[in-house]
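Structure first, commentary second.
These numbers come from the heavy atoms of this one structure, side chains and all, not from hydrogens, waters or symmetry mates. In the text below, chain A, chain B and the rest are named by the order of the sequence lines, each starting its count at 1.
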Amino acid sequence: MSNIIFMGTPKLAETVLARLIASGTHKPKLVITQQDKPVGRKQIMTPSPVKTFAQEHGIEVWQPATLKDLAAIEKIRAHKPDCIVVAAYGKIIPKMIIDIPSRGIVNVHTSLLPRWRGASPIQHALLAGDNKTGATIMLIDEGLDTGPIISQSTCPIAREETYETLYAKLAEFGADLLVETLPDWLAGKIIPEAQDNTKATLAPILRKQDGEIKPEHDAATIERMVRALNPWPGVVLETRNMKHETRKMLKILKARIARCEQNLSPLSLSLTAQKELCLYTKEGCLVLETVQPEGKKPMSGHDYYLGNKSAL
RNA sequence: CGCGGGGUGGAGAAGUCUGGUAUCUCGUUGGUCUCAUAAGCCAAAGAUCGCAGGUUCAAAUCCUGCCCCCGCAA
């Protein structure tokens with residue numbers, strides 16, 4: 001039985017860890033995860049999904065503030081790992097640590113590398129309108145998702161795919177692929193293949209402002225944003241209420257492309273013949289099926305219209 | 001004490017500042033019109049205005065305390 005250390009933080013990593021344990025022979029001796037963070041309006045300190053899961057399975061959990069000091073390196077070295085498995089840990093792993101395990105550091109990445117290297121591959125695949133994505137098992141080197149590929153599997157992206165559905169799907173995909181591949185990798189039966197750097201694309205971490213709707217966005221782009229950017233950072237439209245002279249953000253939670261019935265200026269709202277709330281853009285228009293005004297609960301586009309029609 | 005919005009018939013809102021017995025749109029139910037309609041017309045049901053206390057002749061509205069929901073920030 002190999003000596004494995006697992007590193008990971010969010011739900012996706014939990015899925016991978018769960019599958020790893022279920023596979024029987026690769027239960028990690030140590031799990032490294034990010035430190036507890038204050039979450040929500042009340043700033044309650046919350047452990048990562050991986051921490052909770054590991055503790056339930058009686059695995060030692062370690063939450064170092066940094067991996068870049070001697071203490072971290074010594075601690076890991078002391079475990080004499082054959083291999084470290086990483087899934088969305090959230091911090092850069094220094095070279096000193098990469099060099100410790102004899103079978104290297106194996107990473108689960110949720111895209112078809114070299115496409116979408118970086119922190120948000122799932123969202124970027126959706127934003128770009130890719131019709132497929134997948135999971136990649138690769139070796140970590142010093143670069144950002146640049147290491148050689150051990151194995152890969154492809155997953156189609158459905159038209160109505162959202163971040164949340166794809167995230168869940170790819171977590172399973174990645175976990176399955178890892179447990180399929182890991183034994184062969186540890187046994188030395190797989191020769192990793194270098195990535196084709198000329199085909200590389202970057203999936204940079206998303207910022208709040210990436211979810212703002214602007215006049216230059218067309219309907220197709222916004223529709224993809226809605227599927228890719230919820231629940232975070234969300235897609236927001238700034239609305240103005242003439243009567244109260246206020247500006248409010250309107251989150252768009254669900255939308256679909258529709259046929260234009262009128263010719264209105266970009267970012268104006270109207271109602272279709274079917275009484276659905278409709279957002280006009282520079283090209284095409286969108287039916288807003290579910291929206292959430294600032295300070296309110298999510299509601300249907302029609303409900304929003306009922307209460308705001310005087311301002312539209 | 002991080003910042004802010006809100007709780008009004010089943011839904012979304014107005015009304016609150018400038019107290020005076022509840023308004024609008026939608027839905028529901030019944031009727032009616034139409035070749036027909038997620039259409040029109042007519043009618044009806046449905047609210048102790050988040051909870052508790054206070055001020056007042058009178059409180060959705062002013063004061064005090066509490067509960068709950070949400071957006072931002074992180």
Side chain of [X], heavy atoms from C-beta onward: which of [options] has the nearest atom to it?
{"X": "A:K251", "options": "B:A11, B:C72, B:A13", "result": "B:C72"}
{"X": "A:K208", "options": "B:C72, B:A11, B:C26", "result": "B:C72"}
{"X": "A:L306", "options": "B:G12, B:C70, B:A38", "result": "B:G12"}
{"X": "A:K275", "options": "B:C69, B:G12, B:G27", "result": "B:G27"}

Cut-off 3.5 Å, side chains only: do A:S151 and A:E180 have a donor facing an acceptor? no
Rounding to the closest angstrom, what is the interatomic distance between [N] and [M] at atom [atom1]?
{"N": "B:U32", "M": "B:A22", "atom1": "C1'", "value": "29 Å"}
{"N": "B:G9", "M": "B:C49", "atom1": "C1'", "value": "10 Å"}
{"N": "B:U34", "M": "B:G19", "atom1": "C1'", "value": "49 Å"}
{"N": "B:U29", "M": "B:C62", "atom1": "P", "value": "38 Å"}
{"N": "B:C3", "M": "B:U8", "atom1": "C1'", "value": "27 Å"}
{"N": "B:G12", "M": "B:C17", "atom1": "C1'", "value": "24 Å"}
{"N": "B:A43", "M": "B:U25", "atom1": "P", "value": "13 Å"}
{"N": "B:G53", "M": "B:G46", "atom1": "C1'", "value": "29 Å"}

Length of the [atom1]-[atom2] vector between [X] and [N], whole Å:
{"X": "A:D303", "N": "B:A14", "atom1": "CG", "atom2": "C1'", "value": "16 Å"}
{"X": "A:E212", "N": "B:C72", "atom1": "CD", "atom2": "P", "value": "12 Å"}
{"X": "A:K297", "N": "B:C68", "atom1": "NZ", "atom2": "P", "value": "13 Å"}
{"X": "A:E276", "N": "B:G12", "atom1": "CD", "atom2": "P", "value": "19 Å"}
{"X": "A:Q274", "N": "B:A39", "atom1": "CD", "atom2": "P", "value": "12 Å"}
{"X": "A:E238", "N": "B:C72", "atom1": "CD", "atom2": "P", "value": "14 Å"}
{"X": "A:L237", "N": "B:G71", "atom1": "CG", "atom2": "P", "value": "17 Å"}
{"X": "A:H302", "N": "B:A13", "atom1": "NE2", "atom2": "C1'", "value": "13 Å"}

Would you call A:R103 and A:W185 a side-chain contact if the rule is heavy atoms closer than 4.5 Å?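 They are in contact (side-chain heavy atoms under 4.5 Å apart), so the answer is yes.
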Side-chain contact test, heavy atoms from C-beta onward, threshold under 4.5 Å: evaluate it for A:N230 versus A:E164 and give yes or no.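 A:N230 does not reach A:E164 side chain to side chain.
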Any A:Q292 side-chain N or O less than 4.0 Å from OP1/OP2 of B:G71: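 Yes, because at least one side-chain N or O of A:Q292 sits under 4.0 Å from OP1 or OP2 of B:G71.
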If we call it a pair only when both distances are under 3.5 Å in a Watson-Crick or G-U wobble match, what pairs with B:G40?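 Check on B:G40: paired to B:U32, both distances under 3.5 Å.
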Using purine N1 to pyrimidine N3 plus N6-O4 or O6-N4 for Watson-Crick, or N1-O2 and O6-N3 for G-U wobble, each under 3.5 Å, what pairs with B:G71? B:C3
Apply the test side-chain contact (heavy atoms from CB on, under 4.5 Å) to residues A:I4 and A:I84: give CA-CA distance (whole Å), side-chain angles for both, the deciding distance (0.1 Å), then the verdict. CA-CA 6 Å; A:I4 288 173; A:I84 297 178; over 6 Å; no
May I ask you to decide if [Y]'s main-chain N or O and [X]'s side chain share a donor-acceptor pair within less than 3.5 Å?
{"X": "A:S268", "Y": "A:L264", "answer": "no"}
{"X": "A:Q152", "Y": "A:L113", "answer": "yes"}
{"X": "A:Q292", "Y": "A:K296", "answer": "yes"}

Quick one: which of A:E223, A:E276, A:E160 gives a salt bridge (Lys or Arg N to Asp or Glu O under 4.0 Å) with A:R256?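 Of the listed options, the one satisfying the test is A:E276.
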Write down the protein N/O and nucleotide N/O pairs, taken from nucleotides 4-8 of chain B, whose separation is under 3.5 Å; answer none if there are no such pairs.
from: B:G5; atom 1: N2; to: A:G295; atom 2: O; distance (Å): 3.0
from: B:G6; atom 1: O2'; to: A:K296; atom 2: NZ; distance (Å): 3.4

